[in-house]
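Inspection log for the structure reproduced underneath, given as structure tokens.
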Amino acid sequence: MRIVTFNVNSIRARMHLLPAWLDRARPDVLCLQELKCEAADFPMELFAQRGYHVALQGQKTYNGVAVASLTPLDDVRTGLPLAGDAEARGIAVRTAGLHIVNLYVVNGKAVGDPKYDHKLRWLDALVDWVARSCTPEEALVVCGDFNIAPTDDDTWDPAAWHGEVLCSEAERAPFRRLLDWGLHDAFRALYPTAFGRYAHTWWDYRGAGFPRGHGLRIDHHLVSASVLARAAAVEIDRDMRKSDKASDHAPVTLVLRGEGAAGG
DNA sequence: ATGGCCATCATGGATGGA
């Protein structure tokens, strides 16, 4: 089965691509970030017509997360990880025998910016929420746009990015706490020596970032041990990033053996 | 040396993104 994370950078601005992409990619579970719309404006029919069950937390202009699954959704929780947070950045569901947590992590703008401090607090709350609400013994997938490059080598220019936002030690510390708790970076576990443009998941719109390979690996599937044992591949859909009027992120697919139409 | 693009809301240009 295929579990996709995709920061669409406005779902309404991506409607010229999504129908054909859905029919080609056929995700069993699709985690979307940056919907940039309220729930009433979400294109529910796009998914309903293809047999998807959908849960989402919308928000005007900013953020917004959704999970679409070919199997029914149970135990839907929104507003993660900060209780009462007005920002739509986290949604968790149970579907297809998995506990799926879909995240749009705060960007942070720049080290030292108030938004960066907000990011660190948000990440602390996330780690606490995961420890409280999940267990590494279950079939758990924590995926999404983490806005964290796990190492300097997960950027196109390690020297330039060293210590910058998305790469700072204070951001990586909570990321590592998730790994220490019992999650595994699926891409890195499967491809321990894969670096460079074919490992990146986001490219800068500016300065022809994609053709020049100015990318980062910031969209991740963090999975528990039982899920990692089923992991066959992580695929980065660079063709989608090449499209006209594309998102600046590519869809990233975790392929699992078993329990799904596309399983192996 | 600096910014270089895109989406939103709104209808100009600020804000956010990464």
Side-chain angles (χ1 to χ4, degrees), chain A residues 5-18 31-43 56-66 85-90 102-123 126 143-172 174-175 187 195-197 199-220 236 238 240-252:
Chain A
T5 178
F6 185 19
N7 180 324
V8 289
N9 185 16
S10 170
I11 193 159
R12 288 178 292 180
R14 238 44 76 193
M15 286 301 287
H16 64 296
L17 297 173
L18 285 172
C31 295
L32 297 166
Q33 305 91 33
E34 279 210 89
L35 304 176
K36 294 189 174 181
C37 69
E38 294 175 302
D41 295 320
F42 183 85
L56 72 119
Q57 183 183 9
Q59 184 182 331
K60 184 179 171 69
T61 309
Y62 302 117
N63 310 315
V65 284
D85 194 335
E87 295 189 330
R89 293 183 177 277
N102 175 26
L103 303 174
Y104 174 47
V105 175
V106 176
N107 172 287
K109 190 175 175 75
V111 174
D113 190 277
K115 291 185 174 67
Y116 177 81
D117 298 330
H118 173 49
K119 182 178 192 174
L120 298 184
R121 287 193 299 273
W122 193 97
L123 286 166
L126 173 67
C143 67
D145 176 1
F146 281 74
N147 273 319
I148 297 171
T151 73
D152 290 350
D153 288 329
D154 292 300
T155 75
W156 81 83
D157 188 339
W161 278 93
H162 180 75
E164 297 292 323
V165 71
L166 315 194
C167 291
S168 71
E169 178 55 32
E171 294 160 82
R172 288 175 179 159
F175 186 84
F187 180 91
F195 297 94
R197 65 182 64 200
H200 295 159
T201 65
W202 170 91
W203 295 264
D204 204 321
Y205 279 130
R206 296 166 296 182
F210 182 75
R212 295 171 68 183
H214 289 184
L216 306 171
R217 189 171 77 88
I218 55 176
D219 300 271
H220 308 297
I236 301 165
R238 294 168 50 86
M240 192 62 164
R241 181 63 180 80
K242 295 172 188 170
S243 305
D244 188 50
K245 289 286 177 185
S247 170
D248 44 357
H249 295 253
V252 183

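Lettering follows sequence order; numbering is per chain, from 1. A quick note: this is a predicted structure, and the numbers were derived from the prediction, not measured.
- The distance between atom CD of A/Gln33 and atom C1' of B/dG17, rounded to the nearest whole Å, is 14 Å.
- Atom NE2 of A/His118 is separated from atom P of B/dA18 by 13 Å (rounded to the nearest Å).
- Going from atom CG of A/Asp244 over to atom P of B/dC5 covers 16 Å, rounded to whole Å.
- Place A/Ala13 and A/Ile218 on DNA chain B by their nearest nucleotides, and A/Ala13 ends up nearer the 5' end.
- For the C1' atom pair drawn from B/dG3 and B/dC9, the interatomic distance equals 24 Å after rounding to whole Å.
- Distance noted for atom C1' between B/dA1 and B/dG16: 24 Å (whole Å).
- Separating the CG atom of A/Asn63 from the P atom of B/dT15 is a distance of 17 Å, rounded to the nearest angstrom.
- A sub-4.0 Å separation between OP1 or OP2 of B/dT15 and a side-chain N or O of A/Lys115 is absent.
- Between A/Trp161 and A/Trp156, the angle of the ring planes goes over 60°, which puts this pair in the perpendicular group of the 30/60° scheme.
- The residue A/Asn7 sits close only to the backbone: its heavy atoms come under 4.0 Å of sugar-phosphate atoms, none of a base.
- Across all strands, A/His249 comes closer than 4.0 Å only to sugar-phosphate atoms, never to a base (heavy-atom distances).
- In this structure a side-chain-to-backbone donor-acceptor pair under 3.5 Å is present from A/His16 to A/Asp244.
- Counting only heavy atoms from C-beta on, A/Tyr62 has its side chain closest to B/dG16 among B/dG16, B/dC9, B/dG4.
- Here B/dA18 is the nucleotide among B/dA18, B/dT8, B/dG4 with the atom lying nearest to any side-chain atom of A/Leu216.
- A/Tyr116 comes within 4.0 angstrom of nothing in the nucleic acid, heavy atoms only.
- Residues A/Gln59 and A/Glu87 meet the side-chain proximity criterion, which asks for heavy atoms closer than 4.5 Å.
- Going from atom CG of A/Asp248 over to atom P of B/dG16 covers 17 Å, rounded to whole Å.
- The residue among A/Gly207 and A/Val105 whose nearest nucleotide of DNA chain B lies closer to the 5′ end is A/Gly207.
- A 3.5 Å limit on both hydrogen-bonding distances identifies no Watson-Crick or G-U partner for B/dT2.
- Remark: C1' of B/dT8 and CD of A/Glu38 are 12 Å apart, rounded to the nearest angstrom.
- If you check B/dG16, B/dA18, B/dG17 against the side chain of A/Leu166, the one that comes closest is B/dA18.
- In this structure, of B/dA18, B/dC9, B/dT8, it is B/dT8 that holds the atom nearest to the side chain of A/Ser10.
- Here, B/dA18 and B/dT8 have their P atoms 14 Å apart, quoted to the whole Å.
- No option in A/Leu103, A/Val106, A/Leu126, A/Asp145 other than A/Val106 meets the side-chain contact (heavy atoms from CB on, under 4.5 Å) test with A/Arg89.
- For A/Tyr205, no side-chain nitrogen or oxygen approaches OP1 or OP2 of B/dG16 to under 4.0 Å.
- Between the CD atom of A/Glu34 and the P atom of B/dA18 there is a distance of 5 Å, rounded to whole Å.
- Base pairing annotation: B/dA14 forms a Watson-Crick or G-U wobble pair with B/dT8, both donor-acceptor distances under 3.5 Å.
- Using a 4.0 Å cut-off, no side-chain N or O of A/Lys109 falls inside it from OP1 or OP2 of B/dG16.
- Annotation: B/dA10 and B/dC5 have their P atoms spaced 25 Å apart (nearest Å).
- Taking atom P in both B/dT2 and B/dC6, the straight-line distance is 23 Å, to the nearest Å.
- In this structure, A/Asn147 reaches the sugar-phosphate backbone alone: every heavy-atom distance under 4.0 Å involves primed, P, OP1 or OP2 atoms, never a base.
- The separation between A/Ile148 atom CD1 and B/dA18 atom P is 12 Å, rounded to whole Å.
- Distances from the side chain of A/Arg206 to the nucleotides B/dA7, B/dC5, B/dG16 place B/dC5 closest.
- A/Arg89 comes within 4.0 angstrom of the backbone, heavy atoms only, and of no base.
- A/Asn9 contributes no side-chain N or O that forms a donor-acceptor pair with the base of B/dA7 under 3.5 Å.
- Panel note: side chain A/Asn9, backbone A/His249; no donor-acceptor pair is recorded below 3.5 Å.
- With a 4.5 Å cut-off on side-chain heavy atoms, A/Pro150 and A/His220 count as touching.
- In this structure the side chain of A/Thr155 never reaches within 4.5 angstrom of the side chain of A/Arg217, judged on heavy atoms.
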